[in-house]
Amino acid sequence: MKVGFIGLGNMGAPMAANLAKAGHDVAGFDTMAAMPDGVTKAASAAEAARGADVVITMLPNGAILRAVAAEVIPAMRKGAVLCDCSTVDVDSARAVADLAQAAGLGALDAPVSGGTGGATAGTLTFMVGGSDDAFATVAPLFDVMGQKAVHCGAAGAGQSAKICNNMILGVTMIATCEAFALADKLGLDRQKMFDVVSTSSGYSWTMNAYCPAPGVGPKSPADNGYKPGFAADLMLKDLRLSQQAASSADADTPMGALAAQLYETFVEQEDGRGRDFSAMLPRFEKRHRG
Ligand code: NAD
């Protein structure tokens with residue numbers, strides 16, 4: 001397929017490189033980043049999009065996505081699909097889908113989980129919103145870049161699934177970290193805590209697969225000085241998106257709101273910026289009640 005790829009940062013570069021390696025004809029554009037192997041450099045986003053069957057965007061936020069979409073949509077050929085893989089707010093995802101559809105294009109919101117490791121290995125999970133036809137067009141590309149693509153529903157459903165998942169993840173990580181810090185103060189050995197919880201009703205992905213305590217459980221960023229992994233800054237971004245969506249949908253999410261507040265304090269006032277989101281454990285370790 002002829003693919004335009006816009007936004008070749010930490011995630012976009014390896015995703016585009018995998019498409020090129022699989023034999024697709026990929027034209028890339030980024031305002032800063034270099035082109036990965038096999039990707040032809042376009043002079044602008046519109047040029048990357050011209051004549052493409054699918055245009056993929058992998059950008060920092062909804063405002064940038066809206067600006068890029070306004071530029072590329074008029075350049076795309078009728079019937080082509082605009083597929084945004086960034087994590088953005090649900091309202092921006094729906095607005096861009098409306099613009100694309102009005103111009104006779106297909107549109108998908110297809111945020112990912114799996115991080116830079118998954119992007120490089122081609123093992124991402126895609127959560128996808130949009131029409132059946134657009135999903136069918138892009139499915140072969142999802143197969144190259146990922147191991148799984150779930151078609152979640154209409155426009156915005158992919159972003160909705162992503163922020164709900166990550167709200168659970170943020171809340172659960174905080175619960176796991178505060179429980180370890182409490183266990184420490186009660187004199188409970190961390191390995192014993194893991195042995196019990198990982199096989200009891202408190203088990204979770206954050207405990208069992210991504211344990212925030214160094215030297216306990218499978219290897220995780222805690223064993224690497226809390227180098228990300230999944231950065232606390234990105235968790236804060238996703239929690240803010242969940243709260244923005246909860247406000248616009250009038251949903252009551254008290255735990256999500258508290259998690260957003262704790263990650264905001266951690267990233268903006270403490271030492272959380274640039275650290276893995278599991279570094280909440282050393283944060284709680286240092287703290288006292290009240
Ligand atoms: P990044 O900052 O490394 O990459 C974004 C790229 O977009 C940069 O290279 C930047 O130069 C480029 N860009 C910005 N404005 C542009 C414009 N107008 N035109 C063209 N290019 C432009 O970010 P990333 O880590 O690759 O993340 C991309 C998206 O994926 C984000 O929405 C993020 O939330 C999401 N995401 C990231 C991860 C992760 O682990 N890094 C995991 C899941 C989802």
Side-chain angles (χ1 to χ4, degrees), residues 10-11 14-15 18 85 87 110-128 142-143 145-150 152 158-184 188-239 241-242 253 255-256 258-260 262-263 266-267 272-285:
N10 293 322
M11 295 292 289
M15 290 164 72
N18 283 336
C85 293
T87 305
V112 302
S113 87
T116 52
T120 304
T123 55
L124 294 168
T125 295
F126 291 86
M127 297 149 244
V128 190
F142 292 145
D143 283 347
M145 298 184 285
Q147 61 183 352
K148 191 168 180 183
V150 181
C152 300
Q159 298 295 350
S160 302
K162 164 96 188 176
I163 57 176
C164 289
N165 179 74
N166 281 18
M167 188 172 78
I168 296 171
L169 177 63
V171 167
T172 313
M173 179 55 85
I174 289 169
T176 305
C177 291
E178 70 180 28
F180 263 118
L182 170 61
D184 288 348
L188 179 61
D189 179 72
R190 285 183 168 182
Q191 183 63 50
K192 301 293 178 204
M193 164 87 171
F194 176 83
D195 292 346
V196 171
V197 175
S198 64
T199 54
S200 299
S201 46
Y203 84 90
S204 64
W205 184 84
T206 59
M207 176 60 83
N208 292 37
Y210 203 94
C211 184
V216 177
K219 272 243 165 316
S220 70
D223 299 308
N224 191 22
Y226 295 100
K227 197 168 158 272
F230 184 48
D233 329 30
L234 286 178
M235 175 48 82
L236 174 59
K237 171 187 172 178
D238 292 357
L239 286 167
L241 291 175
S242 76
T253 55
M255 302 297 281
L258 187 53
L262 282 165
Y263 273 104
F266 186 47
V267 168
R273 190 175 297 281
R275 303 184 81 194
D276 189 72
F277 84 122
S278 61
M280 271 284 166
L281 175 51
R283 174 188 189 273
F284 278 113
E285 254 169 41

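Ring geometry, F277 versus F230: the interplanar angle exceeds 60°, so the pair is classed perpendicular (tilted spans 30 to 60°).
Residues F266 and L236 have side chains not in contact (no heavy-atom distance under 4.5 Å, counting atoms from C-beta outward). Side-chain contact between R275 and P282 is present, with at least one heavy-atom pair separated by less than 4.5 Å. Residues Q191 and V216 meet the side-chain proximity criterion, which asks for heavy atoms closer than 4.5 Å. In this structure, the side chains of D184 and F284 stay at 4.5 Å or more apart for every pair of heavy atoms. K227 places none of its side-chain heavy atoms less than 4.5 Å from the side chain of D276. L262 places a side-chain heavy atom less than 4.5 Å from the side chain of R283. The shortest distance between side-chain heavy atoms of F180 and E285 does not fall below 4.5 Å. The shortest side-chain heavy-atom distance between L124 and M15 falls under the 4.5 Å cut-off.
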**Report entry** Residues W205, L169; criterion side chain to side chain contact (heavy atoms under 4.5 Å, CB included); working and verdict
**Finding:** CA-CA 8 Å; W205 184 84; L169 177 63; 3.6 Å; yes
Query raised in the report: How far apart are the C-alpha atoms of C164 and M167, what are their side-chain angles, what is the distance that settles it, and do they pass the side chain to side chain contact (heavy atoms under 4.5 Å, CB included) test?
Result: CA-CA 5 Å; C164 289; M167 188 172 78; 5.7 Å; no
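Taking each heavy atom of C211 and S220 in turn, the nearest pair found is O-OG, 2.8 Å. Contact detail for A259 and G170: the closest heavy-atom pair is CB-C, 4.4 Å. The minimum heavy-atom distance linking A222 with P212 is given by the pair CB-O, 3.4 Å. Here the closest heavy-atom approach between residue A110 and residue F126 is recorded as O-CD2, 3.6 Å. N18 approaches A119 most closely through the heavy-atom pair ND2-O, 3.0 Å. When all heavy atoms of S198 and N208 are compared, the closest pair comes out as O-ND2, 3.0 Å.
Checked against M193 for a side-chain contact (heavy atoms from CB on, under 4.5 Å), the options V197, D189, V196, D195 give a single hit: V197.
Within 6.0 Å of OH in Y203 there are 12 or fewer heavy atoms belonging to other residues, nucleotides or ligands.
Rounding to the nearest 0.5 angstrom, the gap separating the NZ atom in K162 from the SG atom in C152 is 12.0 Å. Going from atom OG1 of T87 over to atom CG of L234 covers 8.0 Å, rounded to the nearest 0.5 Å. Note: T172 OG1 to N166 CG = 10.5 Å, rounded to the nearest 0.5 Å. To the nearest 0.5 Å, the span separating CE on M207 from CE on M173 amounts to 9.5 Å. Between the CG atom in L239 and the CE atom in M255 there is a gap of 12.0 Å [rounded to 0.5 Å].
Residues meeting the side chain to side chain contact (heavy atoms under 4.5 Å, CB included) test with N165, sequence neighbours left out: none.
Although no hydrogens or angles enter the test, the distance criterion places no donor-acceptor pair under 3.5 Å between the side chain of D223 and the main chain of P214.
Counting only N and O atoms by type, the side chains of T176 and T206 include a donor and acceptor under 3.5 Å apart.
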